[in-house]
Chemist: 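Encoded as structure tokens, here's the structure I'll be asking about.
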2 protein chains.
Amino acid sequence: MERSSRFDGSDCEPRINKSPKDLNSIAILRTFQRDQDIFEHYHRCDWWYRIVSGATRKYRIRSDGRRQIADINLPGDFFGFSSSDAHASSVQAIVEGTIVACYPRAAIEALADSDPATAKLIRLGTFAAIERLEQQIFVVSTMSAPERVRAFLVHFRDRIGRSGESDLALPITRYDIADLLGLSTETVCRAFTDLRERGAISLEGPRNVTIIRP
Amino acid sequence: MERSSRFDGSDCEPRINKSPKDLNSIAILRTFQRDQDIFEHYHRCDWWYRIVSGATRKYRIRSDGRRQIADINLPGDFFGFSSSDAHASSVQAIVEGTIVACYPRAAIEALADSDPATAKLIRLGTFAAIERLEQQIFVVSTMSAPERVRAFLVHFRDRIGRSGESDLALPITRYDIADLLGLSTETVCRAFTDLRERGAISLEGPRNVTIIRP
DNA sequence: CGGGCGTTTGAAACCCCTCAAGGAAGGTGG
DNA sequence: CCACCTTCCTTGAGGGGTTTCAAACGCCCG
């Protein structure tokens, strides 16, 4: 934890605070570099997390070295929960300078027990995660490669951009998209060019996408 | 709701009960036939559910008619949550006579707010669901067909059977397995016969599997 | 006994992956 | 400022796994 700062600038150690609506007071803010681990598979989960700015990927590595990304997290998303003591995945920062609020598990669980508003916030965060994961399962197991890329773009636009806007600055590489969609990078590329040639999207550089026809 | 009975046999209408550790008192027990809907996609979610006995599948239907099963739920599992007002999937009973405890949403949310033990139970249920879904994503997007079937069998044995036992009575058809794993029934069949011919499993009829080598 | 459902096997077509190579963009050191 | 490197992106050709289409078998039940 090379850099850490507090939400409110008060005292430096995480303070167990059970008072309602005081989520920020138990948080430690940490800044992560690109590709830096926030937590790793099989490690103890003593913290819960919430993204302040930037983005993260939740992933696992297969024995053959292939990587599967299960979820992309954006500002406001909670992550790091587990029903057991160990994490089932790893999480890394995607963009440079991603800021994450870290909550000591005992403290935030105590806060959730005493403050219904906090408990509800966490509940809604987990419900949203479940819906994203179900959508993800739906995408990777029923759709063809071009359909997956198209679904990814539409879904990501809805999450990251203001509604109505069709311009989209992707924070992630083709490799990330491939590992998220269960495809190879080459197939993702071909899907992008296909969509462009069909007039469904337009590209200004590889990372700036405009969705023309959903 | 053709048949309904109470957990504890007390009065007949769902009673809003905020007292701690009183989850059962707000539950209505319902019994479902095989393939009967428990709730449907896009419908309002006014209830949360927990399986008492039997099994359910959570699924969506594509526009081309294909079905994707996102999760299989077994006794003790909570389901039916949503961060919005409408369900993102449908849920059906798989086995005849599946019994589900149904909790009015307002009542169980109020209970969760007032009773930390209930809130924790729900939290752990959702965390377990998240881990199952992540595992599911991992399986369907990185594994070959035989690997998926093998992973399904091992995972299902761990969930349904006593640990150590290798005998497994599948409550679901090849079609269900195919829609869960994102494969065609034919491919699932071929994977089963492959595993049998290699001596990894033995079959006594299509639905009774013994895992010999995981 | 016939019908329907679930299961199994076979052959051909297709989609995606792998392997290979080239191009574009950004950072670093000379 | 340019050469060089690394990383990311893109395109092409061949091979393999899965789907699709087709058909047959066993089984339960009316």
Side-chain angles (χ1 to χ4, degrees), chain A residues 33-35 57 62 64-69 92 94-96 139-153 168-198 201-209, chain B residues 33-35 57 62 64-69 92 94-96 139-153 168-198 201-209:
Chain A
Q33 302 163 9
R34 185 164 168 272
D35 294 337
R57 56 178 159 243
R62 270 182 62 108
D64 63 7
R66 283 174 56 193
R67 180 185 65 166
Q68 172 58 35
I69 298 178
Q92 278 179 346
I94 295 178
V95 302
E96 187 67 34
V139 167
V140 295
S141 56
T142 68
M143 293 186 182
S144 67
E147 285 175 323
R148 292 186 212 186
V149 172
R150 187 192 132 285
F152 162 77
L153 289 175
L168 185 55
L170 295 178
I172 65 180
T173 67
R174 297 283 188 273
Y175 285 88
D176 285 328
I177 299 174
D179 288 347
L180 180 68
L181 299 179
L183 299 169
S184 65
T185 30
E186 296 92 332
T187 304
V188 173
C189 272
R190 283 185 250 268
F192 267 93
T193 36
D194 272 12
L195 289 170
R196 179 168 51 76
E197 288 175 354
R198 294 183 180 195
I201 62 172
S202 74
L203 295 170
E204 297 164 14
R207 306 287 271 271
N208 286 306
V209 186
Chain B
Q33 303 164 9
R34 182 165 169 274
D35 294 336
R57 56 178 158 242
R62 270 179 65 106
D64 63 7
R66 283 175 56 192
R67 180 185 64 166
Q68 172 57 35
I69 298 178
Q92 277 180 346
I94 296 178
V95 303
E96 187 67 33
V139 167
V140 296
S141 56
T142 68
M143 292 186 183
S144 67
E147 285 176 323
R148 292 187 212 187
V149 172
R150 187 193 133 284
F152 162 77
L153 289 174
L168 185 57
L170 295 177
I172 65 180
T173 68
R174 296 284 189 271
Y175 283 89
D176 284 328
I177 299 174
D179 289 347
L180 181 66
L181 299 180
L183 300 169
S184 65
T185 29
E186 296 93 330
T187 304
V188 172
C189 273
R190 283 185 251 268
F192 267 94
T193 38
D194 273 12
L195 289 171
R196 180 168 50 75
E197 289 174 353
R198 294 185 182 194
I201 63 171
S202 75
L203 296 170
E204 297 163 15
R207 305 288 270 272
N208 286 306
V209 186

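Letters A, B, ... mirror the listed sequences (proteins, then strands); counts begin at 1.
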Chemist: Can you see which heavy atom on A/L180 is nearest to which on A/V140, and at what distance?
Modeler: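 The pair with the smallest heavy-atom distance is O-CG1, 3.8 Å.
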Chemist: Taking DNA chain C as the partner, which of residues 173-181 of chain A come within under 4.0 angstrom of it by heavy atom?
Modeler: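 The stretch gives none, as no residue of it lies under 4.0 Å from the strand.
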Chemist: Minimum heavy-atom separation for B/Q68 and B/G182, please, with both atom names.
Modeler: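 For B/Q68 and B/G182, the tightest heavy-atom pair comes out as OE1-CA, 4.2 Å.
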Chemist: Would you classify A/T185 as touching base, sugar-phosphate or nothing, given that sugar-phosphate means primed atoms plus P, OP1 and OP2, and contacts are heavy atoms under 4.0 Å?
Modeler: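 Here A/T185 touches no strand at all.
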Chemist: Counting heavy atoms from C-beta on, name the nucleotide in C/dT8, D/dC9, C/dG6 closest to the side chain of B/R207.
Modeler: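 So the side chain of B/R207 is nearest to C/dG6.
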Chemist: Examine distances only and state if a side-chain atom of B/E204 and a backbone atom of B/V209 form a donor-acceptor pair shorter than 3.5 Å.
Modeler: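 Not a single qualifying donor-acceptor pair exists.
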Chemist: Could you give the CG-to-P distance, from B/D35 to C/dG6, as a whole number of Å?
Modeler: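 Distance, rounded to whole Å: 8 Å.
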Chemist: Respond yes when some side-chain nitrogen or oxygen of B/R196 is under 4.0 Å from OP1 or OP2 of C/dT8, and no when none is.
Modeler: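 For C/dT8, OP1/OP2 do not have a side-chain N/O of B/R196 under 4.0 Å.
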Chemist: Start with the C-alpha distance between A/R57 and A/D35, add both sets of side-chain angles, then the distance that settles salt bridge (charged side-chain N to carboxylate O under 4.0 Å, His left out), and finish with yes or no.
Modeler: CA-CA 9 Å; A/R57 56 178 159 243; A/D35 294 337; 2.3 Å; yes
Chemist: Quick one: does A/T173's side chain get under 4.5 Å of A/T185's, heavy atoms only?
Modeler: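 No, every pair of side-chain atoms sits at 4.5 Å or beyond.
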Chemist: With no hydrogens and no angle check, is any side-chain donor or acceptor of A/E96 less than 3.5 Å from a backbone partner on A/R34?
Modeler: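 Such a contact is found between A/E96 side chain and A/R34 backbone.
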Chemist: Closest approach of B/P171 and B/V95, non-hydrogen atoms and distance?
Modeler: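 Closest heavy-atom pair between B/P171 and B/V95: CB-CG1, 3.7 Å.
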Chemist: To the nearest Å, how far apart are A/L203 CG and D/dT10 C1'?
Modeler: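 Distance check: A/L203 CG to D/dT10 C1' gives 12 Å.
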Chemist: At their closest point, which heavy atom of B/L170 faces which heavy atom of B/P206, and how far apart are they?
Modeler: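 The answer is CD1-O, 4.5 Å.
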Chemist: Heavy atoms only: give me the nearest B/D176-B/I69 pair and the separation to one decimal.
Modeler: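 Of all heavy-atom pairs spanning B/D176 and B/I69, the closest is O-CD1, 3.6 Å.
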Chemist: Tell me the interatomic distance from B/L170, atom CG, to C/dT7, atom C1', rounded to whole angstroms.
Modeler: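 Distance, rounded to whole Å: 13 Å.
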Chemist: Send over the distance from A/D194 CG to D/dG12 P, rounded to a whole Å.
Modeler: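 Between P of D/dG12 and CG of A/D194: 11 Å.
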Chemist: Measure all distances between protein nitrogen or oxygen atoms and nitrogen or oxygen atoms of nucleotides 14-16 of chain C, and list the pairs falling under 3.5 Å.
Modeler:
residue	atom	partner	partner atom	Å
C/dC16	OP1	A/A145	N	2.7

Chemist: Name each donor-acceptor pair under 3.5 Å that joins a side chain in residues 187-196 of chain A to protein atoms two or more places apart or in another chain, with its distance.
Modeler:
residue	atom	partner	partner atom	Å
A/T187	OG1	A/S184	OG	2.9
A/T193	OG1	A/C189	O	3.0
A/T193	OG1	A/R190	O	2.8

Chemist: End-to-end bend of the helix from C/dC1-D/dG30 to C/dG30-D/dC1 (five-pair axes, 10° rounding)?
Modeler: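 About 30° separates the two local helix axes.
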Chemist: Tell me if a side-chain donor or acceptor on A/R148 pairs with a main-chain N or O of A/S141 at a distance below 3.5 Å.
Modeler: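 No; zero donor-acceptor contacts below 3.5 Å.
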Chemist: For nucleotides 21-26 of chain D, print each protein N/O atom paired with a nucleotide N/O atom at under 3.5 Å, atom names and distance only.
Modeler:
residue	atom	partner	partner atom	Å
D/dC21	N4	B/E186	OE2	3.1

Chemist: Just jot down the side chain to side chain contact (heavy atoms under 4.5 Å, CB included) partners of B/R66, sequence neighbours excluded, or say none.
Modeler: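 Partners of B/R66 under the side chain to side chain contact (heavy atoms under 4.5 Å, CB included) test: A/T142, B/R62, B/D64.
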Chemist: How many Å lie between CD on A/E204 and P on C/dA25, as a whole number?
Modeler: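 Result: 14 Å.
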Chemist: Do A/F152 and A/I177 have side chains that approach each other closer than 4.5 Å (heavy atoms only, starting at C-beta)?
Modeler: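 They are in side-chain contact.
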